[in-house]
**Q** 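Quick one: the structure is below, and I'll ask about it shortly.
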Amino acid sequence: MVRTKQDDAFEKNVARTILASMQTPAVGEAGNTGEWRTMRPILHNDLCIVVKSGKPTCHLCWMYCPEITVSREIPPVFNYTYCKGCGICATECPTKAIEMVPEKEAPSCEGNEGGEF
Ligand code: SF4
Ligand code: SF4
């Protein structure tokens, strides 16, 4: 049987869905791990593909975040309670819509907030 691009896309979407359902951020022995963060991701809505299109067409930030602390919403939302500031989301974003800023210089905001600040 010949594999098609549609087969690959379908399997990728299934894998994403399973991953998201298995890896929901939760308080573990380490507690509020976001407190360790020295750099904070912020989103520039004007550069984000899903914001501009209004469709969930990208969300690579959601897919690559090792902590699953980026939501699959429009716009993507960072969960600052658990985000460790690794910067992988910013690295993988194809349009550089995510900027990593020093935590001390970041705009004041509580956990579970995101979008344009
Ligand atoms: S990877 Fe970048 S462009 Fe894609 S949804 Fe995330 S922030 Fe938007
Ligand atoms: S900085 Fe790291 S932990 Fe935080 S949202 Fe981006 S990829 Fe996830």
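Atoms within each ligand, like the ligands themselves, are counted from 1 in listed order.
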**Q** For atom 4 (Fe) of ligand 2, what's the nearest protein heavy atom and its distance?
**A**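 Ranked first by proximity to atom 4 (Fe) of ligand 2 is Cys83 SG, 2.3 Å.
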**Q** Is it true that a side-chain atom of His59 and a backbone atom of Ile74 form a donor plus acceptor pair closer than 3.5 Å?
**A**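 Checked: no pair found.
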**Q** Determine whether Lys84 and Arg37 satisfy the following criterion, side-chain contact (heavy atoms from CB on, under 4.5 Å), listing intermediate values before the conclusion.
**A** CA-CA 5 Å; Lys84 296 179 177 60; Arg37 187 179 56 242; 5.7 Å; no
**Q** Cationic tip of Arg40 within the cone over Phe78's six-membered ring, i.e. under 6.0 Å and within 45° of the normal?
**A**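 No, a cation-pi geometry is absent between Arg40 and Phe78.
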**Q** Would you call Pro66 and Ile88 a side-chain contact if the rule is heavy atoms closer than 4.5 Å?
**A**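 Touching, per the 4.5 Å side-chain cut-off.
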**Q** Could you list which atoms of ligand 2 come closer than 4.0 Å to a heavy atom of Gly85?
**A**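 Ligand 2 atoms under the 4.0 Å threshold to Gly85: 1 (S), 4 (Fe).
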**Q** Show, in sequence, the C-alpha distance, side-chain angles and deciding distance for Lys55 and Val50, and conclude whether the side-chain contact (heavy atoms from CB on, under 4.5 Å) test is met.
**A** CA-CA 5 Å; Lys55 299 174 183 172; Val50 299; over 6 Å; no
**Q** Would you mind running through ligand 2 and noting each atom that sits below 4.0 Å from a heavy atom of Thr69?
**A**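 Under 4.0 Å from Thr69, ligand 2 has these atoms: 3 (S), 4 (Fe), 5 (S), 8 (Fe).
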**Q** Any idea which protein heavy atom is nearest atom 2 (Fe) of ligand 2, and the distance to it?
**A**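 Nearest neighbour among protein heavy atoms for atom 2 (Fe) of ligand 2, to 0.1 Å: Cys86 SG, 2.3 Å.
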**Q** Please state which protein non-hydrogen atom is closest to atom 8 (Fe) of ligand 2 and give its distance, to 0.1 Å?
**A**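 Atom 8 (Fe) of ligand 2 sits closest to the protein heavy atom Cys65 SG, 2.2 Å.
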**Q** Got Thr95 and Cys48 here, is their nearest side-chain heavy-atom distance under 4.5 Å?
**A**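 When only atoms from C-beta onward are counted, Cys48 and Thr95 do not touch, as no gap falls below 4.5 Å.
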**Q** Indicate yes or no: at least one non-hydrogen side-chain atom of Ser71 is less than 4.5 angstrom from one of Asn79.
**A**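 No. Closest side-chain heavy atoms not under 4.5 Å.
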**Q** Going by the order shown, which atoms of ligand 1 are within less than 4.0 Å of some heavy atom of Thr95?
**A**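 Reading through ligand 1 atom by atom, the close ones are 3 (S).
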**Q** Which ligand 1 atoms are under 4.0 Å away from a heavy-atom of Pro94?
**A**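 Those qualifying, in numeric order: 1 (S).
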**Q** Test Thr69 against Glu67 for side-chain hydrogen bond (donor to acceptor under 3.5 Å, both in side chains), laying out the working first.
**A** CA-CA 5 Å; Thr69 54; Glu67 305 300 328; over 6 Å; no
**Q** Under a 4.5 Å cut-off applied to non-hydrogen side-chain atoms, are Met39 and Glu103 in contact?
**A**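 A side-chain contact under 4.5 Å is absent here.
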**Q** Everything protein-side that's N, O or S and under 2.8 Å from atom 6 (Fe) of ligand 1: list it, residue and atom.
**A**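 Hits for atom 6 (Fe) of ligand 1 below 2.8 Å: Cys61 SG.
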**Q** One residue to check: Ala90. Relative to ligand 2, which of side chain, backbone, both or neither has a non-hydrogen atom less than 4.0 Å away?
**A**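 Contact part for Ala90 vs ligand 2: neither.
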**Q** Just jot down the ligand 2 atoms closer than 4.0 angstrom to any heavy atom of Pro66, in number order.
**A**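 Contacts of ligand 2 toward Pro66, numbered from 1: 7 (S).
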**Q** Under 4.0 Å from any heavy atom of Lys84, which atoms of ligand 2 are there?
**A**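 Once the distances to Lys84 are compared, the set is 3 (S), 4 (Fe).
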**Q** Which heavy atom of Ile49 sits nearest to which heavy atom of Pro94, and what is that distance?
**A**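 Minimum heavy-atom separation between Ile49 and Pro94: CD1-CG, 3.8 Å.
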